[in-house]
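See structure below.
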Number of protein chains: 2
Amino acid sequence: MGEACHHHHHDGPPTAADVERALGDADARLTAEGERMTAARLRVLELLLAAGEPVKAYDLIARFGTDGQPAKPPTVYRALEFLERKGLAHRIASISAYVACSSGTIDHSAAFLICDCCGATEEVAAPVAEGLDRAARAAGYAIVRTTVEAHGRCPACLAA
Amino acid sequence: MGEACHHHHHDGPPTAADVERALGDADARLTAEGERMTAARLRVLELLLAAGEPVKAYDLIARFGTDGQPAKPPTVYRALEFLERKGLAHRIASISAYVACSSGTIDHSAAFLICDCCGATEEVAAPVAEGLDRAARAAGYAIVRTTVEAHGRCPACLAA
DNA sequence: TCAGTGGTGTTATGAGATAACATCACATGC
DNA sequence: GCATGTGATGTTATCTCATAACACCACTGA
Ligand SMILES: [Zn+2]
Ligand SMILES: [Zn+2]
Ligand SMILES: [Zn+2]
Ligand SMILES: [Zn+2]
(Lines give C-alpha, C1' and ligand atoms only; values in the text may rest on other atoms or scores of the structure.)
(Ligands and ions follow the chains in the order given, each with its own letter.)
Protein backbone atom coordinates (compact mmCIF):
# COMPACT_ATOMS: atom_id res chain seq x y z
CA MET A 1 0.00 0.00 0.00
CA GLY A 2 0.56 3.68 0.36
CA GLU A 3 3.88 5.17 -0.44
CA ALA A 4 2.34 8.46 -1.31
CA CYS A 5 -0.86 8.90 0.65
CA HIS A 6 -1.69 8.02 4.20
CA HIS A 7 -5.43 7.87 4.62
CA HIS A 8 -6.50 4.31 4.94
CA HIS A 9 -10.21 4.89 5.02
CA HIS A 10 -12.52 3.55 2.40
CA ASP A 11 -16.06 2.28 2.68
CA GLY A 12 -14.93 -0.02 5.44
CA PRO A 13 -16.03 -3.43 6.52
CA PRO A 14 -19.64 -4.60 6.44
CA THR A 15 -21.68 -4.79 9.61
CA ALA A 16 -21.73 -7.93 11.72
CA ALA A 17 -25.27 -8.53 10.54
CA ASP A 18 -24.16 -8.37 6.91
CA VAL A 19 -21.45 -10.90 7.60
CA GLU A 20 -23.87 -13.21 9.41
CA ARG A 21 -26.32 -13.08 6.57
CA ALA A 22 -23.68 -13.76 3.93
CA LEU A 23 -22.35 -16.66 5.96
CA GLY A 24 -25.81 -18.09 6.34
CA ASP A 25 -26.48 -17.78 2.61
CA ALA A 26 -23.22 -19.43 1.70
CA ASP A 27 -23.79 -22.24 4.16
CA ALA A 28 -27.30 -22.87 2.87
CA ARG A 29 -26.27 -22.80 -0.75
CA LEU A 30 -23.33 -25.15 -0.37
CA THR A 31 -25.16 -27.56 1.87
CA ALA A 32 -27.91 -27.69 -0.75
CA GLU A 33 -25.24 -28.54 -3.33
CA GLY A 34 -24.05 -31.42 -1.20
CA GLU A 35 -20.87 -29.67 -0.13
CA ARG A 36 -19.68 -29.63 3.45
CA MET A 37 -19.41 -26.16 4.86
CA THR A 38 -17.16 -27.03 7.75
CA ALA A 39 -16.09 -24.91 10.70
CA ALA A 40 -12.72 -24.01 9.21
CA ARG A 41 -14.27 -23.00 5.90
CA LEU A 42 -16.90 -20.89 7.60
CA ARG A 43 -14.32 -19.25 9.81
CA VAL A 44 -12.09 -18.27 6.90
CA LEU A 45 -15.04 -16.95 4.94
CA GLU A 46 -16.15 -15.01 8.01
CA LEU A 47 -12.72 -13.40 8.32
CA LEU A 48 -12.72 -12.48 4.65
CA LEU A 49 -16.21 -11.02 4.79
CA ALA A 50 -15.49 -9.08 7.96
CA ALA A 51 -12.34 -7.58 6.47
CA GLY A 52 -14.14 -6.23 3.43
CA GLU A 53 -10.86 -5.98 1.56
CA PRO A 54 -8.10 -8.32 0.44
CA VAL A 55 -6.39 -10.17 3.27
CA LYS A 56 -3.05 -11.95 3.27
CA ALA A 57 -3.14 -15.67 3.97
CA TYR A 58 -0.92 -15.34 7.01
CA ASP A 59 -3.16 -12.65 8.44
CA LEU A 60 -6.02 -15.10 8.19
CA ILE A 61 -3.82 -17.68 9.86
CA ALA A 62 -3.05 -15.27 12.68
CA ARG A 63 -6.68 -14.27 13.23
CA PHE A 64 -8.12 -17.74 12.82
CA GLY A 65 -8.59 -18.75 16.44
CA THR A 66 -11.30 -16.85 18.30
CA ASP A 67 -9.07 -17.19 21.36
CA GLY A 68 -6.11 -15.64 19.60
CA GLN A 69 -4.49 -18.93 18.70
CA PRO A 70 -3.26 -18.98 15.12
CA ALA A 71 -4.17 -21.77 12.72
CA LYS A 72 -1.70 -24.03 10.99
CA PRO A 73 -1.09 -22.83 7.42
CA PRO A 74 -2.63 -25.84 5.65
CA THR A 75 -5.89 -25.32 7.54
CA VAL A 76 -6.34 -21.89 6.04
CA TYR A 77 -4.93 -22.66 2.61
CA ARG A 78 -7.27 -25.64 2.27
CA ALA A 79 -10.23 -23.52 3.20
CA LEU A 80 -9.17 -20.83 0.75
CA GLU A 81 -8.82 -23.35 -2.02
CA PHE A 82 -12.31 -24.65 -1.32
CA LEU A 83 -13.85 -21.20 -1.14
CA GLU A 84 -12.20 -20.19 -4.36
CA ARG A 85 -13.31 -23.37 -6.08
CA LYS A 86 -16.87 -22.65 -4.99
CA GLY A 87 -16.74 -19.03 -6.11
CA LEU A 88 -17.02 -17.59 -2.60
CA ALA A 89 -13.56 -16.07 -2.57
CA HIS A 90 -10.91 -14.96 -5.00
CA ARG A 91 -7.17 -14.95 -4.92
CA ILE A 92 -5.63 -11.69 -6.11
CA ALA A 93 -2.38 -12.86 -7.61
CA SER A 94 -0.71 -9.50 -8.06
CA ILE A 95 -0.72 -8.89 -4.31
CA SER A 96 -0.87 -12.49 -3.04
CA ALA A 97 -4.04 -11.84 -1.11
CA TYR A 98 -7.56 -13.21 -0.84
CA VAL A 99 -10.91 -11.51 -0.84
CA ALA A 100 -14.52 -12.61 -0.36
CA CYS A 101 -16.52 -12.59 -3.56
CA SER A 102 -18.85 -9.65 -3.70
CA SER A 103 -20.80 -10.81 -6.69
CA GLY A 104 -24.04 -12.73 -6.56
CA THR A 105 -23.13 -14.73 -9.64
CA ILE A 106 -22.03 -18.24 -8.94
CA ASP A 107 -19.49 -19.15 -11.56
CA HIS A 108 -17.52 -16.21 -12.74
CA SER A 109 -14.08 -14.90 -13.54
CA ALA A 110 -13.80 -11.70 -11.62
CA ALA A 111 -11.89 -8.52 -12.36
CA PHE A 112 -10.59 -6.20 -9.68
CA LEU A 113 -9.81 -2.54 -9.25
CA ILE A 114 -7.21 -2.22 -6.53
CA CYS A 115 -6.11 0.97 -4.81
CA ASP A 116 -2.36 0.82 -4.16
CA CYS A 117 -2.73 3.58 -1.65
CA CYS A 118 -5.38 2.42 0.82
CA GLY A 119 -5.92 -1.19 -0.23
CA ALA A 120 -9.55 -0.79 -1.21
CA THR A 121 -10.68 -3.14 -3.92
CA GLU A 122 -13.72 -3.32 -6.07
CA GLU A 123 -14.85 -6.47 -7.84
CA VAL A 124 -16.24 -5.56 -11.23
CA ALA A 125 -18.34 -7.76 -13.43
CA ALA A 126 -17.55 -9.93 -16.37
CA PRO A 127 -17.64 -7.94 -19.60
CA VAL A 128 -14.26 -6.46 -18.89
CA ALA A 129 -12.71 -9.55 -20.41
CA GLU A 130 -14.54 -9.47 -23.71
CA GLY A 131 -11.48 -8.16 -25.54
CA LEU A 132 -9.44 -10.90 -23.99
CA ASP A 133 -11.87 -13.53 -25.17
CA ARG A 134 -11.61 -12.17 -28.68
CA ALA A 135 -7.83 -12.27 -28.60
CA ALA A 136 -7.90 -15.81 -27.25
CA ARG A 137 -10.19 -16.99 -30.00
CA ALA A 138 -8.00 -15.38 -32.61
CA ALA A 139 -4.94 -17.13 -31.20
CA GLY A 140 -6.72 -20.47 -30.96
CA TYR A 141 -6.57 -20.70 -27.19
CA ALA A 142 -9.36 -22.22 -25.09
CA ILE A 143 -9.57 -20.12 -21.95
CA VAL A 144 -10.49 -21.68 -18.64
CA ARG A 145 -9.98 -18.88 -16.16
CA THR A 146 -8.66 -15.36 -16.17
CA THR A 147 -6.83 -13.08 -13.79
CA VAL A 148 -7.70 -9.43 -14.33
CA GLU A 149 -6.35 -6.96 -11.82
CA ALA A 150 -6.03 -3.21 -12.32
CA HIS A 151 -3.90 -1.20 -9.92
CA GLY A 152 -4.18 2.50 -9.29
CA ARG A 153 -5.94 4.95 -7.00
CA CYS A 154 -9.48 4.82 -5.69
CA PRO A 155 -11.72 7.90 -5.81
CA ALA A 156 -11.12 8.68 -2.12
CA CYS A 157 -7.36 8.61 -2.50
CA LEU A 158 -7.54 10.66 -5.67
CA ALA A 159 -9.58 13.32 -3.88
CA ALA A 160 -7.15 13.61 -0.99
CA MET B 1 2.16 -27.66 -15.87
CA GLY B 2 0.23 -30.39 -17.57
CA GLU B 3 -1.87 -32.70 -15.52
CA ALA B 4 -3.77 -33.87 -18.53
CA CYS B 5 -1.50 -33.75 -21.54
CA HIS B 6 2.15 -34.52 -21.89
CA HIS B 7 3.48 -32.92 -25.03
CA HIS B 8 5.63 -30.01 -24.13
CA HIS B 9 6.26 -28.75 -27.62
CA HIS B 10 5.23 -25.36 -28.78
CA ASP B 11 6.92 -22.99 -31.15
CA GLY B 12 10.06 -23.30 -29.07
CA PRO B 13 12.82 -20.89 -28.27
CA PRO B 14 14.19 -18.39 -30.76
CA THR B 15 17.50 -18.99 -32.48
CA ALA B 16 20.74 -17.75 -30.97
CA ALA B 17 20.86 -15.10 -33.67
CA ASP B 18 17.42 -13.85 -32.72
CA VAL B 19 18.49 -13.59 -29.12
CA GLU B 20 21.66 -11.74 -30.04
CA ARG B 21 19.78 -9.27 -32.15
CA ALA B 22 17.18 -8.61 -29.48
CA LEU B 23 19.89 -8.13 -26.89
CA GLY B 24 21.71 -5.71 -29.14
CA ASP B 25 18.55 -3.74 -29.78
CA ALA B 26 17.73 -3.53 -26.10
CA ASP B 27 21.25 -2.50 -25.24
CA ALA B 28 21.29 0.20 -27.89
CA ARG B 29 17.91 1.55 -26.94
CA LEU B 30 18.57 1.75 -23.23
CA THR B 31 22.04 3.17 -23.66
CA ALA B 32 20.54 5.85 -25.86
CA GLU B 33 18.08 6.60 -23.08
CA GLY B 34 20.91 7.06 -20.64
CA GLU B 35 20.26 3.81 -18.82
CA ARG B 36 23.01 1.40 -17.90
CA MET B 37 22.55 -1.98 -19.50
CA THR B 38 24.87 -3.85 -17.18
CA ALA B 39 26.17 -7.38 -17.42
CA ALA B 40 23.66 -8.78 -14.95
CA ARG B 41 20.75 -7.13 -16.70
CA LEU B 42 21.88 -8.36 -20.09
CA ARG B 43 22.41 -11.84 -18.76
CA VAL B 44 18.92 -12.06 -17.27
CA LEU B 45 17.38 -10.70 -20.43
CA GLU B 46 19.40 -13.19 -22.45
CA LEU B 47 18.09 -16.06 -20.33
CA LEU B 48 14.52 -14.84 -20.71
CA LEU B 49 14.83 -14.40 -24.46
CA ALA B 50 16.50 -17.77 -24.92
CA ALA B 51 13.78 -19.52 -22.94
CA GLY B 52 11.01 -18.11 -25.11
CA GLU B 53 8.50 -18.84 -22.38
CA PRO B 54 7.92 -17.80 -18.77
CA VAL B 55 10.76 -18.67 -16.42
CA LYS B 56 10.75 -18.88 -12.64
CA ALA B 57 13.05 -16.49 -10.84
CA TYR B 58 14.95 -19.30 -9.17
CA ASP B 59 15.54 -20.98 -12.52
CA LEU B 60 17.13 -17.75 -13.71
CA ILE B 61 19.17 -17.73 -10.53
CA ALA B 62 20.31 -21.29 -11.15
CA ARG B 63 21.22 -20.66 -14.81
CA PHE B 64 22.78 -17.27 -14.27
CA GLY B 65 26.47 -18.18 -14.25
CA THR B 66 27.86 -19.32 -17.58
CA ASP B 67 30.11 -21.64 -15.58
CA GLY B 68 27.18 -23.18 -13.79
CA GLN B 69 27.49 -21.03 -10.69
CA PRO B 70 24.15 -19.70 -9.51
CA ALA B 71 23.57 -16.03 -8.81
CA LYS B 72 22.50 -14.62 -5.49
CA PRO B 73 18.74 -13.93 -5.49
CA PRO B 74 18.98 -10.13 -5.24
CA THR B 75 21.14 -10.02 -8.35
CA VAL B 76 18.42 -11.56 -10.45
CA TYR B 77 15.47 -9.88 -8.75
CA ARG B 78 17.09 -6.47 -9.23
CA ALA B 79 17.68 -7.17 -12.89
CA LEU B 80 14.10 -8.34 -13.30
CA GLU B 81 12.78 -5.23 -11.64
CA PHE B 82 14.83 -3.07 -13.97
CA LEU B 83 13.79 -4.99 -17.08
CA GLU B 84 10.17 -4.81 -16.08
CA ARG B 85 10.42 -1.10 -15.37
CA LYS B 86 11.89 -0.60 -18.84
CA GLY B 87 9.26 -2.71 -20.53
CA LEU B 88 11.67 -5.44 -21.59
CA ALA B 89 10.17 -8.12 -19.41
CA HIS B 90 6.95 -8.88 -17.62
CA ARG B 91 6.09 -10.64 -14.42
CA ILE B 92 3.24 -13.09 -14.73
CA ALA B 93 1.70 -12.96 -11.29
CA SER B 94 -0.62 -15.93 -11.57
CA ILE B 95 2.30 -18.30 -12.04
CA SER B 96 5.06 -16.28 -10.34
CA ALA B 97 7.20 -16.26 -13.44
CA TYR B 98 8.91 -13.81 -15.76
CA VAL B 99 8.96 -13.53 -19.51
CA ALA B 100 10.72 -11.36 -22.06
CA CYS B 101 8.48 -8.81 -23.70
CA SER B 102 7.57 -9.84 -27.20
CA SER B 103 6.01 -6.56 -28.20
CA GLY B 104 7.78 -3.76 -29.97
CA THR B 105 5.82 -1.13 -28.10
CA ILE B 106 7.76 0.56 -25.36
CA ASP B 107 5.32 1.42 -22.64
CA HIS B 108 2.50 -1.01 -22.40
CA SER B 109 0.40 -3.09 -20.08
CA ALA B 110 0.50 -6.53 -21.54
CA ALA B 111 -2.04 -9.33 -21.52
CA PHE B 112 -1.13 -13.00 -21.69
CA LEU B 113 -2.60 -16.22 -22.93
CA ILE B 114 -1.05 -19.05 -20.95
CA CYS B 115 -1.29 -22.75 -21.71
CA ASP B 116 -1.56 -24.69 -18.45
CA CYS B 117 -0.60 -27.82 -20.26
CA CYS B 118 2.70 -27.04 -22.02
CA GLY B 119 3.57 -23.65 -20.56
CA ALA B 120 3.43 -21.76 -23.84
CA THR B 121 2.45 -18.14 -23.51
CA GLU B 122 1.42 -15.52 -25.96
CA GLU B 123 1.61 -11.82 -25.26
CA VAL B 124 -1.36 -10.12 -26.83
CA ALA B 125 -1.70 -6.45 -27.47
CA ALA B 126 -3.43 -3.68 -25.61
CA PRO B 127 -7.09 -3.43 -26.56
CA VAL B 128 -8.00 -6.43 -24.43
CA ALA B 129 -8.25 -4.10 -21.46
CA GLU B 130 -10.68 -1.64 -22.94
CA GLY B 131 -13.58 -3.04 -20.93
CA LEU B 132 -11.49 -2.76 -17.82
CA ASP B 133 -10.71 0.86 -18.53
CA ARG B 134 -14.39 1.56 -18.91
CA ALA B 135 -15.20 -0.13 -15.60
CA ALA B 136 -12.42 1.78 -13.87
CA ARG B 137 -13.67 5.11 -15.16
CA ALA B 138 -17.17 4.27 -14.04
CA ALA B 139 -15.92 3.45 -10.55
CA GLY B 140 -13.76 6.55 -10.38
CA TYR B 141 -10.46 4.70 -10.22
CA ALA B 142 -7.30 5.98 -11.89
CA ILE B 143 -5.51 2.95 -13.25
CA VAL B 144 -1.74 2.79 -13.35
CA ARG B 145 -1.01 -0.74 -14.44
CA THR B 146 -2.96 -3.90 -15.13
CA THR B 147 -2.42 -7.61 -14.79
CA VAL B 148 -4.33 -9.57 -17.40
CA GLU B 149 -3.64 -13.28 -17.59
CA ALA B 150 -5.84 -15.88 -19.25
CA HIS B 151 -5.22 -19.54 -18.54
CA GLY B 152 -6.28 -22.43 -20.71
CA ARG B 153 -5.02 -24.59 -23.55
CA CYS B 154 -2.98 -23.56 -26.54
CA PRO B 155 -3.92 -24.72 -30.05
CA ALA B 156 -1.26 -27.45 -30.05
CA CYS B 157 -2.47 -28.93 -26.79
CA LEU B 158 -6.07 -28.71 -27.91
CA ALA B 159 -5.25 -30.63 -31.07
CA ALA B 160 -3.50 -33.44 -29.24
C1' DT C 1 -18.56 -54.39 9.88
C1' DC C 2 -15.79 -52.98 6.51
C1' DA C 3 -14.00 -50.54 2.79
C1' DG C 4 -13.89 -45.96 0.35
C1' DT C 5 -13.96 -41.05 0.26
C1' DG C 6 -13.19 -36.53 1.78
C1' DG C 7 -11.81 -33.46 5.65
C1' DT C 8 -8.59 -32.27 9.43
C1' DG C 9 -4.32 -32.03 12.43
C1' DT C 10 0.54 -31.81 12.49
C1' DT C 11 5.28 -31.62 11.18
C1' DA C 12 8.37 -30.23 8.14
C1' DT C 13 10.01 -28.19 4.06
C1' DG C 14 9.97 -25.99 -0.41
C1' DA C 15 9.53 -21.79 -3.24
C1' DG C 16 9.37 -16.79 -3.88
C1' DA C 17 11.07 -12.32 -2.56
C1' DT C 18 13.31 -8.64 0.10
C1' DA C 19 15.87 -5.98 4.04
C1' DA C 20 20.09 -4.18 5.29
C1' DC C 21 24.60 -2.80 4.74
C1' DA C 22 29.17 -2.69 2.80
C1' DT C 23 31.51 -1.83 -1.44
C1' DC C 24 32.21 -0.50 -6.11
C1' DA C 25 31.86 2.10 -10.71
C1' DC C 26 31.26 6.11 -12.79
C1' DA C 27 30.01 10.82 -13.93
C1' DT C 28 30.30 15.72 -12.50
C1' DG C 29 32.40 19.72 -10.68
C1' DC C 30 36.30 21.58 -8.54
C1' DG D 1 43.90 14.84 -10.18
C1' DC D 2 40.58 14.43 -6.59
C1' DA D 3 36.40 15.02 -3.94
C1' DT D 4 31.64 13.93 -4.02
C1' DG D 5 27.16 12.16 -5.23
C1' DT D 6 24.46 8.62 -7.43
C1' DG D 7 23.26 4.32 -8.95
C1' DA D 8 24.66 -0.68 -9.29
C1' DT D 9 26.52 -4.82 -7.04
C1' DG D 10 27.99 -8.31 -3.60
C1' DT D 11 26.73 -10.65 0.47
C1' DT D 12 24.33 -12.25 4.42
C1' DA D 13 20.36 -13.13 6.50
C1' DT D 14 15.62 -13.24 6.81
C1' DC D 15 10.92 -12.83 5.61
C1' DT D 16 6.66 -14.17 3.29
C1' DC D 17 3.94 -17.43 0.71
C1' DA D 18 2.54 -22.12 -0.10
C1' DT D 19 2.58 -27.19 -0.15
C1' DA D 20 4.22 -32.23 0.66
C1' DA D 21 3.49 -36.04 3.39
C1' DC D 22 1.29 -38.86 6.57
C1' DA D 23 -1.62 -40.08 10.46
C1' DC D 24 -6.24 -39.75 12.00
C1' DC D 25 -11.27 -39.02 11.88
C1' DA D 26 -16.17 -38.67 10.16
C1' DC D 27 -19.41 -40.10 7.12
C1' DT D 28 -21.38 -43.07 3.45
C1' DG D 29 -22.79 -47.06 1.20
C1' DA D 30 -21.91 -52.18 0.33
ZN1 LIG E 1 -16.54 -12.85 -7.31
ZN1 LIG F 1 -7.50 4.38 -1.94
ZN1 LIG G 1 5.37 -6.64 -23.47
ZN1 LIG H 1 -0.01 -26.04 -24.74
Side-chain angles (χ1 to χ4, degrees), chain A residues 1 3 26-27 30-31 33-45 47-48 51 54-67 69-86 88-99 116 119 147 149, chain B residues 1 3 26-27 30-45 47-48 51 54-67 69-86 88-99 119 147 149:
Chain A
M1 281 164 227
E3 301 96 25
D27 192 347
L30 289 192
T31 302
E33 287 179 15
E35 296 291 343
R36 291 158 65 177
M37 197 61 174
T38 63
R41 292 166 176 177
L42 271 175
R43 176 60 175 155
V44 170
L45 181 54
L47 289 170
L48 289 176
V55 188
K56 301 278 194 174
Y58 271 71
D59 289 340
L60 296 172
I61 287 166
R63 299 177 202 166
F64 185 84
T66 46
D67 55 354
Q69 288 307 110
K72 303 291 173 62
T75 301
V76 166
Y77 278 105
R78 285 164 177 165
L80 286 171
E81 194 215 1
F82 173 84
L83 294 172
E84 192 171 12
R85 186 153 34 89
K86 290 299 160 189
L88 292 169
H90 301 284
R91 175 174 136 89
I92 303 184
S94 60
I95 55 174
S96 293
Y98 302 83
V99 68
D116 291 327
T147 294
E149 299 163 14
Chain B
M1 270 149 246
E3 301 95 27
D27 192 347
L30 288 191
T31 303
E33 288 179 15
E35 296 289 343
R36 291 156 67 175
M37 196 61 174
T38 63
R41 292 165 176 178
L42 272 175
R43 177 60 176 153
V44 170
L45 181 54
L47 288 170
L48 288 176
V55 188
K56 301 277 192 175
Y58 271 72
D59 288 339
L60 296 171
I61 286 166
R63 300 177 201 166
F64 186 83
T66 46
D67 55 354
Q69 287 309 109
K72 302 290 173 64
T75 301
V76 166
Y77 278 105
R78 284 163 176 164
L80 286 171
E81 193 214 1
F82 172 84
L83 294 172
E84 192 171 11
R85 185 153 35 89
K86 291 299 162 189
L88 292 169
H90 301 285
R91 176 176 137 88
I92 303 184
S94 60
I95 55 174
S96 293
Y98 302 83
V99 66
T147 294
E149 300 162 15

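Ranking C:dT10, D:dA18, D:dT9 by closeness to the B:R41 side chain, first place goes to D:dT9. With C:dG7, D:dA8, C:dT10 as the candidates, the nucleotide lying closest to the side chain of B:R36 is D:dA8. For B:K72, whose side chain is taken as the heavy atoms from C-beta onward, the closest listed nucleotide among D:dA18, C:dC26, D:dT12 is D:dT12.
One interatomic measurement links the two molecules: CD1 of A:I95 to P of C:dA17, which rounds to 15 Å at whole-angstrom precision. When rounded to the nearest whole Å, the span between CZ of A:R85 and C1' of C:dG7 equals 11 Å. Rounded to an integer number of Å, the gap from CD1 of A:I92 to P of D:dC17 is 14 Å. Atom CD of B:E35 is separated from atom P of C:dC26 by 16 Å (rounded to the nearest Å). The distance from atom CG of B:D59 to atom C1' of C:dG14 is 14 Å, rounded to the nearest whole Å. Atoms CZ (A:F82) and P (C:dG6) sit 13 Å apart, rounded to a whole Å. What separates CD1 of A:I61 from P of D:dT16 is a distance of 12 Å, to the nearest Å. Distance, B:E84 CD to C:dG16 C1': 15 Å, rounded to whole Å.
Of all the heavy atoms in A:P54 and A:A97, the pair that sits closest is CB-CB, 3.8 Å. For the residue pair B:L48 and B:A89, the shortest heavy atom distance occurs at CD1-CB, 3.8 Å. Pairing each heavy atom of A:A71 with each of A:V76, the nearest pair is CB-CG2, 4.0 Å.
Phosphate proximity of D:dC17 to A:K56: present, with a side-chain N or O under 4.0 Å from OP1 or OP2. Phosphate contact (OP1/OP2 of D:dT9, side-chain N/O of B:T38, threshold under 4.0 Å): present. Contact between the side-chain N/O atoms of A:S96 and the OP1/OP2 oxygens of D:dT16 is not found at any separation under 4.0 Å.
The stretch residues 89-99 of chain B participates, sequence neighbours left out, in these side-chain hydrogen bond (donor to acceptor under 3.5 Å, both in side chains) pairs: B:H90-B:H108, B:H90-B:E123, B:S94-B:E149, B:S94-B:H151.
In this structure, OH in B:Y58 is found 14.0 Å from CZ in B:F64, a value given to the nearest 0.5 Å. To the nearest 0.5 angstrom, A:M37 atom CE is 11.0 Å from A:K86 atom NZ.
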Filtered N/O pairs between nucleotides 18-21 of chain C and protein, under 3.5 Å:
unit_1	atom_1	unit_2	atom_2	d
C:dA20	N6	B:R78	NH2	3.3

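Here the side chains of A:L80 and A:L60 are in contact, with some heavy-atom distance below 4.5 Å.
Nearest-nucleotide mapping onto DNA chain C: of B:A97 and A:T75, the residue sitting toward the 5' end is A:T75.
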